[in-house]
Protein chains: 2
Amino acid sequence: MDIKIVDVAAKAGVSPATVSRVLNESSSVTSKTKAKVMKAIEELGYHPNAVAKNLRSQKSMTIGVIVPDINASYFAEIIKGIENVAYASKYKVIICDAENQKEKEAEYLTLLMNRTVDAAILIAPLMSDEEICQISEKGYSLAVVGRYIEHDRIPCIYTDNVKFSKEVVQHLVENGHRDIVFLSGYAEAIDSYERLEGYLKALRDHHIPFRPELIENGNFNEEGGYEAMKRLFDKNLRFTAVFAANDEMALGVYKACAERDIAIPSQLAVVGVDNNRISKYITPTLSTVNQPKYTMGALLVEKLIDQMNENQFHDKRTFKVDSELIVRGSSNFRRE
Amino acid sequence: MDIKIVDVAAKAGVSPATVSRVLNESSSVTSKTKAKVMKAIEELGYHPNAVAKNLRSQKSMTIGVIVPDINASYFAEIIKGIENVAYASKYKVIICDAENQKEKEAEYLTLLMNRTVDAAILIAPLMSDEEICQISEKGYSLAVVGRYIEHDRIPCIYTDNVKFSKEVVQHLVENGHRDIVFLSGYAEAIDSYERLEGYLKALRDHHIPFRPELIENGNFNEEGGYEAMKRLFDKNLRFTAVFAANDEMALGVYKACAERDIAIPSQLAVVGVDNNRISKYITPTLSTVNQPKYTMGALLVEKLIDQMNENQFHDKRTFKVDSELIVRGSSNFRRE
DNA sequence: AAATAATTTGAAATCGATTTCAGGATAAAT
DNA sequence: ATTTATCCTGAAATCGATTTCAAATTATTT
């Protein structure tokens, strides 16, 4: 614990500079002295102090990720993509959980920015575009998942919510549905807004009148979907399909249906979003929209690392990725 | 970005020492000079360099957590417990995903140990007890979730697997089952071993002969449970209940049953472990064992911080926590 | 064998903060 | 008014590594 580079140097009979050289292979060292140093390191059980190292070398070879909720598999997959690509480029990844709190998000970002990491990736950040840009202006490396950012130094990647929402509605319409419930996540979330937009556009394309009473909000979780669905059932509205903001909420829909003996898909079609691992395993299997979560993380961090290495800003730094509709049992049924 | 404490000091017309004092409120400063310093900080947009600060003060007020898989809600809940208690004590928490790889676990632990954090918490670590103790001996603060560690400086918290496994089997036996499948997670995992032990003990207690062919292995995930169940069905064995290593695997069992039109619980009772959020939402609702995940994280980190502050080792540093069986639809059925 | 080039090595500066120690200013006590 | 105690402040040391620069060593060329 208390062994420092000078101790190793003393034991090996060389200078600290030389020990540093063998440690980092930063310049050539005679194989003989190298052996002496290695032996000393081994015998003393020396571990270099990363804090001192980072201070002097002005880098840490780590990337920080701030995630809104560590208990959401959607984000976990993105992080896996980030981690694997970063790791392959010798970067380590540390993750901070903002717990959907703006204040915590800001605090953790401050922690990361204060040179603890070389760059930070914000996943579905709560803070505004302006705040993000301001931080970037101060000279910190940033990247953003889940939102388009208008700033030439911030790589970002996001999905075309409007497009896939239209596809979902189109699919339901083709199967004979005209009264389609839209179960939104947080009403404030940008994703919710864009998905609603796609839903509305698709309705218009098919000359289906919009019925505002078919919109309900949940919280992107099972309970939210369940409660929202109960409210709808209680209102005795006419509808034959549900487009849920994500698969967790769709599972809530399943439960609400089970309680009322409503059969999926014959009485009610359900489509979720995210292609959660469970969606293949529940009964009936859940139709959903597959987002290339892993790839999104991987692509973004690749770009970020590129940018840090070359120390210049690429022309192509924003990525809008496509999602694909996966039709499974919960909506694979044609109404006459 | 390039603004340092000396710049602030110069602008405010004071020494760096004084700036440091207002920053850390480490000793009293005249309200007049304090105002000058604050103004300079504000105008320059100064952020202290945490690396330099940590080097000098020999602490970072952060705790690192190494988790085997960031995409497992079981661990996520533990981390929430850790994070909230740590945060309340002014500690920040950073998380590293070892992705079930021993090598990655070791690398991330090295990263954390090199003074990046003040202490590290290992969740269900892959490395051996000996390795963990060795690291502690070098003077690093460690704590462990999910395993008992024989070392007077390492707080640890773990569940009584044997006990709740016996309870699960007891519950099934009371409902008329005698041929109970045991779906293990990884065969090597200590949890799997202890749960098997509980299963065997309970059988013995009820004078039920052990049938080795009723043991199958999965991987703690949906697919593992599904595949294992298919293998069992294919062998045409006689059984009326399944005790799955966790809820994800139980969901795999659900799917395998759905495909063969086997009704749960009337034809097959199912019990999982972990009380995953989905377990309340699937149909039928899943009987499971609730582990106090959040509390485990919270309790452990509280002890860890205590130990760091007081700089002494408490008498009570190991915690064996109890879990409770939650009977729901999937096993709430009495065979005659 | 001498001169030159290339390679190793070490002393000292450096990264950017905190902290110690001592001196100066101010307040309290005599 | 002088002494004593208290409070602020700054100069310099420090944390533990890396990195620069120059000296020393070794290898190469003539």
Side-chain angles (χ1 to χ4, degrees), chain A residues 1-38 40-41 44-62 110-111 113-118 138-140, chain B residues 1-38 40-41 44-62 110-111 113-118 138-140:
Chain A
M1 184 67 164
D2 290 307
I3 295 143
K4 296 176 286 190
I5 199 169
V6 292
D7 302 320
V8 175
K11 175 135 190 170
V14 299
S15 75
T18 300
V19 176
S20 171
R21 281 186 267 257
V22 332
L23 238 31
N24 299 289
E25 295 170 343
S26 50
S27 74
S28 57
V29 174
T30 301
S31 60
K32 208 165 60 180
T33 57
K34 182 171 177 176
K36 282 192 299 184
V37 171
M38 298 288 260
I41 288 173
L44 294 173
Y46 168 71
H47 285 271
N49 181 318
V51 177
K53 174 175 179 145
N54 296 350
L55 176 60
R56 180 63 236 239
S57 60
Q58 298 285 50
K59 59 177 188 260
S60 63
M61 295 306 285
T62 61
T110 302
L111 172 74
M113 279 185 347
N114 290 347
R115 324 299 195 295
T116 312
V117 298
D118 295 342
K138 287 193 181 165
Y140 302 104
Chain B
M1 182 69 165
D2 291 306
I3 294 145
K4 296 176 285 190
I5 199 168
V6 292
D7 302 320
V8 176
K11 174 137 193 167
V14 299
S15 74
T18 300
V19 177
S20 171
R21 280 187 267 255
V22 332
L23 239 30
N24 299 287
E25 294 170 342
S26 50
S27 76
S28 57
V29 173
T30 300
S31 60
K32 206 165 62 179
T33 56
K34 182 170 176 177
K36 283 191 298 184
V37 170
M38 298 288 259
I41 288 173
L44 295 171
Y46 169 71
H47 284 271
N49 182 317
V51 177
K53 174 175 178 145
N54 296 349
L55 175 61
R56 179 62 237 240
S57 60
Q58 299 286 47
K59 60 174 185 259
S60 63
M61 295 306 283
T62 61
T110 303
L111 172 74
M113 279 186 345
N114 290 347
R115 323 299 194 295
T116 312
V117 297
D118 295 342
K138 287 192 180 164
Y140 302 103

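Chain identifiers are assigned alphabetically (A, B, ...) following the order of the sequence lines, protein sequences preceding nucleic acid strands; residue numbering begins at 1 within each chain. Everything numeric in this text was worked out from a predicted model, so none of it was measured.
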Trainee: Checking B:Asn24 against B:Lys53 for the side chain to side chain donor-acceptor pair (under 3.5 Å) test, could you report, in this order, the C-alpha distance in whole Å, the side-chain angles of both residues, the deciding distance, and whether it holds?
Mentor: CA-CA 11 Å; B:Asn24 299 287; B:Lys53 174 175 178 145; 2.8 Å; yes
Trainee: Could you say whether A:His47 or B:Val14 is positioned toward the 5' end of DNA chain D, judged by the nucleotide with the nearest heavy atom to each?
Mentor: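 Final value for this comparison: B:Val14.
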Trainee: Quiz question: by atom type and distance under 3.5 Å, do the side chains of B:Ser60 and B:Asn54 form a donor-acceptor pair?
Mentor: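 Their side chains do not contain a donor-acceptor pair, so the 3.5 Å distance test is not met.
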Trainee: Nearest to the side chain of B:Ala52, which nucleotide is it out of C:dG16, D:dT9, C:dT9?
Mentor: C:dG16
Trainee: Which residue, A:Lys36, A:Lys34, A:Arg21, forms the side-chain contact (heavy atoms from CB on, under 4.5 Å) with A:Val14?
Mentor: A:Lys36
Trainee: Measuring from the side chain of A:Ser20 (C-beta onward, heavy atoms only), which nucleotide among C:dA11, D:dA17, D:dT18 has the closest atom?
Mentor: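 The listed nucleotide nearest to A:Ser20's side chain is D:dT18.
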Trainee: Is it true that atom CE of B:Met61 has more than 12 heavy atoms of other residues, nucleotides or ligands lying nearer than 6.0 Å?
Mentor: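 Enclosed.
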Trainee: Would you mind reading off the distance between B:Leu44 atom CG and C:dA17 atom P, rounded to a whole angstrom?
Mentor: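 It is 12 Å, rounded to the nearest whole Å.
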Trainee: Round to a whole Å and report the spacing from NZ of B:Lys34 to P of D:dC7.
Mentor: 17 Å
Trainee: Heavy atoms under 4.0 Å, any strand shown: does A:Val6 hit a base, just sugar-phosphate, or nothing?
Mentor: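 The residue A:Val6 makes no contact with any strand.
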Trainee: Could you pick out which residue, B:Arg21 or A:Pro48, lies toward the 5' side of DNA chain D when each is mapped onto its nearest nucleotide?
Mentor: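 Per heavy-atom nearest nucleotide, the more 5' residue is B:Arg21.
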Trainee: Rounding to a whole Å, what distance do you find between B:Glu25:CD and D:dC8:C1'?
Mentor: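 My rounded result for the distance is 16 Å.
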Trainee: Quickly work out the B:Gln58 CD to C:dT19 P distance and round it to whole Å.
Mentor: 10 Å
Trainee: Using OP1 and OP2 only, check whether a side-chain N or O of A:Asn24 sits under 4.0 Å from D:dT18.
Mentor: yes
Trainee: Please examine the side chains of B:Tyr46 and B:Leu23, heavy atoms only from C-beta on, and report whether any two atoms are closer than 4.5 Å.
Mentor: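 A side-chain contact exists here, since the closest heavy-atom pair is under 4.5 Å.
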Trainee: Counting side-chain heavy atoms from C-beta on, which of D:dA17, C:dA11, D:dT9 comes nearest to B:Val29?
Mentor: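 Nearest nucleotide to the side chain: D:dT9.
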Trainee: Less than 4.0 angstrom between a side-chain N/O of B:Thr30 and OP1 or OP2 of D:dT9, yes or no?
Mentor: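 Checking B:Thr30 against D:dT9: at least one side-chain N or O falls below 4.0 Å of OP1 or OP2.
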Trainee: Just how far, in rounded Å, is P of C:dA17 from CG of A:Asn114?
Mentor: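 Nearest whole value for this atom pair: 10 Å.
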Trainee: Send over the distance from A:Arg56 CZ to C:dA17 P, rounded to a whole Å.
Mentor: 15 Å
Trainee: Report yes if a side-chain nitrogen or oxygen of A:Tyr46 is closer than 4.0 Å to either non-bridging phosphate oxygen (OP1 or OP2) of D:dG16; otherwise report no.
Mentor: no
Trainee: Looking only at side-chain atoms of B:Ala17, point me to the closest of D:dT18, C:dA17, D:dG10.
Mentor: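 Output: D:dG10.
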Trainee: So, is A:Thr18 close to the C:dT9 phosphate, meaning a side-chain N or O under 4.0 Å from OP1 or OP2?
Mentor: no
Trainee: Between C:dG16 atom C1' and B:Ile5 atom CD1, what is the distance in whole Å?
Mentor: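 After rounding, the gap between these two atoms is 8 Å.
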Trainee: C:dT9 phosphate, OP1 or OP2: any side-chain N/O from A:Thr33 under 4.0 angstrom?
Mentor: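 True: A:Thr33 side-chain N/O within range (under 4.0 Å) of C:dT9 OP1/OP2.
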Trainee: Taking the side chain as every heavy atom from C-beta outward, state whether B:Asn114 and A:Asn49 have any pair of such atoms under 4.5 Å apart.
Mentor: no
Trainee: Out of D:dG16, D:dT19, D:dG10, which nucleotide sits closest to the side chain of B:Ser15?
Mentor: D:dG10
Trainee: Please report, rounded to the nearest Å, how far the C1' atom of C:dA17 is from the NZ atom of B:Lys59.
Mentor: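 So the two atoms are 13 Å apart, to the nearest Å.
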